[in-house]
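See below for the structure under consideration.
Throughout, a chain's letter reflects where its sequence line sits, starting with A, and its residues are numbered from 1.
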Amino acid sequence: MSDFSRTTVTAALIYANGPIHIGHLAGCYLPADIYVRYLRLQKKDVIFVSGTDEHGVPITIKAAKEGKTPQQVVDYYYKEIKDSFEKFGISFDIYGRTSDPVHHQVSQEFFLKLYNEGKFIEEVTEQFYDEEAKQFLADRYITGDCPSCKQPGAYGDQCEKCGTTLSPTELLNPKSALSGSKPVLKPTKNWFLPLDQWQPELEKYINSHPEWKSNVTGQVKSWLQEGLKPRAMTRDLNWGVPIPLPDTEGKVLYVWFDAPIGYVSMTKQLTPEWETYWKAKDSRIVHFIGKDNIVFHCLIFPAMCMAHGGYQLADQVPANEFMNLEGDKISTSRNWAVWLHEYLVDFPGKQDVLRYALTASSPETKDADFTWADFQTKNNSELVAILGNFVNRAFVLIDKNFGSVVPPKGEGTGLEVDLMAAVSDIPAKLAVALENYKFRDALVLAMEIARLGNKYLAEAEPWKIMKEDSAKAGTVLNYAVQLVAQASIALEPFIPFSAQKLRSALGMASFEWSSLGDFELISAGTVLQNPGLLFEKIEDEEVQKQVDKLTQTKTQMELATKAVPALKETIAFDDFAKMDIRIGEIVAAEKMEKSKKLLKLQVNDGFVTRTILSGIAEHFAPEDLVGKQVTFLANLAPRKMMGIESEGMILMAEDSDGSLALVQPNKQIWNGGTVN
RNA sequence: GGCGGGGUAGCUCAGAUGGUUAGAGCGUUGGAUUCAUAACCCAAAGGUCGGCAGUUCGAUUCUGCUCCCCGCUACCA
């Protein structure tokens with residue numbers, strides 16, 4: 001760390017199509033903020049850059065749904081997101097956005113340089129095109145019937161009903177989401193970055209950072225092992241950064257091409273020395289991200305930088321895992337989340353409590369779980385009982401016994417020597433933890449100051465010695481005040497609002513890291529302004545309300561998903577008559593090798609035993625199926641799966657919870673019996 | 001199935017390039033105390049470090065196999 005003259009800290013660009021929740025905060029913004037605040041305390045040269053990512057297909061879809069323009073959508077969320085971050089004290093030096101003209105210009109220049117130097121491969125591929133809307137359709141813009149579950153409304157990249165991953169050409173009856181017309185395949189040119197060519201250099205880069213977290217290198221190495229492939233850096237879309245080349249109307253840069261450049265373009269808006277922060281050899285770049293962004297920050301962006309030349313590569317990418325909520329994955333679409341803007345309403349002025357609780361169980365090495373019970377405990381047993389209580393004791397004792405004036409320090413005893421020795425260990429340990437991105441550990445260390453304070457007061461008992469030796473009691477309280485002052489510095493990165501309150505109560509004008517361990521911070525005679533209670537107990541009812549709120553949304557969502565699916569279009573009798581549905585007996589069943597979902601069934605259809613593959617391995621044990629009669633579609637065109645031909649389809653009834661049941665005749669039927 | 005991450009005290013999580021009594025916070029129990037938001041302070045209990053084998057003088061830490069959870073990925077006609 002000492003080899004670098006300045007640090008450029010980025011936090012992931014968040015996608016501007018919704019509000020933010022605790023998962024975002026815990027994932028990267030809070031750790032990044034703690035890190036940056038620490039560096040500022042150290043008087044280091046550091047900038048903290050982030051913003052919203054405002055391009056890409058989901059935003060255009062959201063806009064279309066709400067009858068707004070994409071710009072209106074991102075304007076709204078940019079403001080809301082920026083506001084939430086500000087209120088939680090995430091201290092960005094600049095919070096930018098990728099729809100900014102400066103961003104467009106910087107990313108276009110970046111693209112052009114690669115283009116002019118022949119770093120791209122031009123390739124023409126066939127994509128769906130909407131002739132009515134006169135534009136190419138991104139995967140999400142094509143809907144149709146899912147080839148897997150047959151339900152309508154599947155998207156070109158996946159069916160949300162059954163979760164199957166799709167490619168647009170697989171959809172049955174594809175339709176354009178724009179005009180409803182049937183799209184046609186049409187050739188289009190795109191520019192690919194040949195990641196495969198950069199693989200050796202990327203490997204060298206990754207291998208030069210053995211200190212990276214195992215979850216980061218693990219995922220990166222898994223990609224490298226499979227071999228990188230050229231990746232399109234442009235898309236056929238109207239919303240985004242236009243490609244700065246002639247005859248490219250309707251084409252924009254791929255969001256993951258322009259988004260990381262956003263860090264750079266935002267820096268450019270922050271300072272005229274922006275290039276120094278990104279290109280100088282003594283600039284250290286740190287990307288804070290969530291685990292879903294690892295590949296883009298550790299492989300694709302570095303490859304872009306290598307192709308461009310001149311840019312420094314990230315020195316650290318401390319990616320966090322995910323924060324779960326009450327045992328379940330946080331999900332925007334299921335509304336399973338604690339939204340920051342709602343928290344601010346329910347717990348006004350308690351930003352530090354959430355910051356503390358999230359940091360204390362931060363998903364640094366594995367997915368973590370946020371529970372309201374834990375939130376309450378962290379507040380009541382740690383913030384209130386340890387820190388708040390210590391601070392309150394110090395202030396109240398001085399108010400009562402010395403009229404709120406800090407008493408002078410007399411000769412110390414063994415207690416003071418022990419105290420100073422114990423405190424003197426903390427700054428170095430704390431610095432090591434913070435510099436190694438161990439924020440959970442760091443928080444415990446910072447709180448140690450308050451713990452030592454409580455212990456010191458309990459042992460020194462100033463309220464007792466006050467009667468016989470008020471000077472000695474004054475000494476004790478002076479030491480206590482110095483501890484409060486130090487706590488305000490050590491805790492500043494974690495709970496900045498409370499730290500600030502303490503500093504103004506103590507009349508501290510300036511504060512810096514080097515003051516930790518200094519017991520002369522507050523001079524005798526200083527008049528204290530008792531800040532009142534720093535933290536309040538959170539009662540059971542308050543957290544219960546939050547839990548209820550969550551359970552309520554959960555049952556609502558369950559009800560919603562339990563809705564009986566809509567009826568399909570009416571069909572003619574002839575359409576039905578085409579289907580040859582029959583009864584057969586499963587005579588053998590086994591699990592398909594190498595498949596999680598497929599069972600290989602041998603079905604006696606009255607003539608022969610035919611092989612039918614069925615994706616029900618997660619619902620039925622093979623041995624339970626043998627001997628059972630089932631209904632199956634006999635004249636479905638055979639289809640090869642995992643090397644084996646499937647001759648038909650077993651009919652299944654699906655229950656509201658997603659479980660499956662065989663469709664069986666209510667008495668034994670001869671094999672081959674028809675169903676009409 | 002493949003790849004990656006993880007399975008350590010009641011809970012949330014650390015840690016060990018293999019070596020004497022495996023740690024923290026919270027929770028629990030007991031004690032002390034009253035300056036303090038029934039808070040603080042002291043102490044104790046609590047773990048065959050997912051399972052089985054192997055390497056080793058010695059493994060919870062290394063290797064192999066196996067079970068379970070999470071993520072990505074192929075398969076659901």
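- In this structure, A/N320 atom CG and B/rG6 atom C1' are separated by 15 Å, rounded to whole Å.
- Shown here is A/W372, whose CH2 atom has more than 12 heavy atoms of other residues, nucleotides or ligands within 6.0 Å.
- The pairing partner recorded for B/rC52 is B/rG64, the criterion being a Watson-Crick or G-U wobble arrangement whose two distances lie under 3.5 angstrom.
- Between A/D399 and A/S404, the side chains place a donor N or O and an acceptor N or O closer than 3.5 Å (distance only, hydrogens not considered).
- Straight-line distance between the C1' atoms of B/rG31 and B/rC70: roughly 44 Å, to the nearest whole Å.
- The partner of B/rG30 is B/rC42, by the rule that a Watson-Crick or G-U pair needs both atom distances under 3.5 Å.
- The closest side-chain donor-acceptor pair between A/E542 and A/Q546, if any, does not fall under 3.5 angstrom.
- Among the protein residues, A/A368 comes within range of the sugar-phosphate backbone only, with heavy atoms under 4.0 Å from sugar or phosphate atoms but none that close to a base.
- Per the geometry, CD belonging to A/E321 stands 13 Å off C1' belonging to B/rC69, to the nearest Å.
- The residue A/I612 sits apart from the nucleic acid: no heavy atom pair falls under 4.0 Å.
- OP1 or OP2 of B/rC26 has at least one side-chain nitrogen or oxygen of A/R451 nearer than 4.0 Å.
- Within the 4.0 angstrom heavy-atom criterion, no nucleotide atom of any strand lies near A/F390.
- The nearest whole Å value for the distance from the CG atom in A/L598 to the P atom in B/rG2 is 15 Å.
- Remark: A/K438 is in phosphate contact with B/rG15, judged by side-chain N or O atoms under 4.0 Å from OP1 or OP2.
- Between B/rG10 and B/rG2, the two C1' atoms lie 37 Å apart (nearest whole Å).
- Here B/rG1 sits opposite B/rU73 as a Watson-Crick or G-U wobble pair (both hydrogen-bonding atom distances under 3.5 Å).
- Atoms CD (A/E382) and C1' (B/rA39) sit 14 Å apart, rounded to a whole Å.
- Rounded to whole Å, the distance from CZ on A/F439 to P on B/rA24 is 24 Å.
- At B/rG4, none of the side-chain N or O atoms of A/K221 fall inside 4.0 Å of OP1 or OP2 (strictly under the cut-off).
- The residue among A/K329 and A/K400 whose nearest nucleotide of RNA chain B is located toward the 5' end is A/K400.
- Between A/K213 and A/E364 there is no salt bridge, since no side-chain nitrogen of the basic residue lies less than 4.0 Å from a carboxylate oxygen of the acidic one.
- Phosphate contact (OP1/OP2 of B/rC40, side-chain N/O of A/K455, threshold under 4.0 Å): absent.
- Comparing B/rC35, B/rG71, B/rA39 against the side chain of A/A385 picks out B/rA39 as the nearest.
- Rounded to the nearest Å, the gap between the C1' atom of B/rC62 and that of B/rG71 is 27 Å.
- B/rC3 and B/rG64: their P atoms are spaced 12 Å apart (whole Å).
- Counting any heavy atom pair closer than 4.0 Å across all strands shown, A/D369 reaches sugar-phosphate atoms only and no base atom.
- When only modelled atom types and interatomic distance are considered, A/D540 and A/Q376 share a side-chain donor-acceptor pair under 3.5 Å.
- For the residue pair A/T611/A/Q602, the side-chain donor-acceptor check at 3.5 Å is satisfied.
- When heavy atoms are screened at a 4.0 angstrom cut-off, A/T371 is found touching no nucleic acid atom at all.
- Going from atom CG of A/N392 over to atom C1' of B/rA38 covers 14 Å, rounded to whole Å.
- Toward the 5' end of RNA chain B, the nearer of the two residues A/E364 and A/V396, judged by each one's closest nucleotide, is A/E364.
- Distance check on atom C1': B/rC11 versus B/rG27 gives 7 Å, rounded to whole Å.
- For the P atoms, the distance linking B/rA22 with B/rC49 amounts to 11 Å, nearest Å.
- The separation between A/D374 atom CG and B/rC13 atom P is 9 Å, rounded to whole Å.
- In summary, the side chains of A/E382 and A/Y356 do present a donor paired with an acceptor at a separation below 3.5 Å, with no hydrogens or angles considered.
- Rounded to the nearest Å, the gap between the P atom of B/rC40 and that of B/rU29 is 14 Å.
- Nucleic acid contact for A/L534: base, since at least one base atom lies under 4.0 Å from a heavy atom of the residue.
- Separating the C1' atom of B/rG50 from that of B/rA59 is a span of 16 Å, rounded to the nearest Å.
- Put simply, A/T377 has no side-chain N or O that comes within less than 4.0 Å of OP1 or OP2 on B/rG27.
- Here B/rC41 presents its P atom at 8 Å from CZ of A/R393, a figure rounded to the nearest Å.
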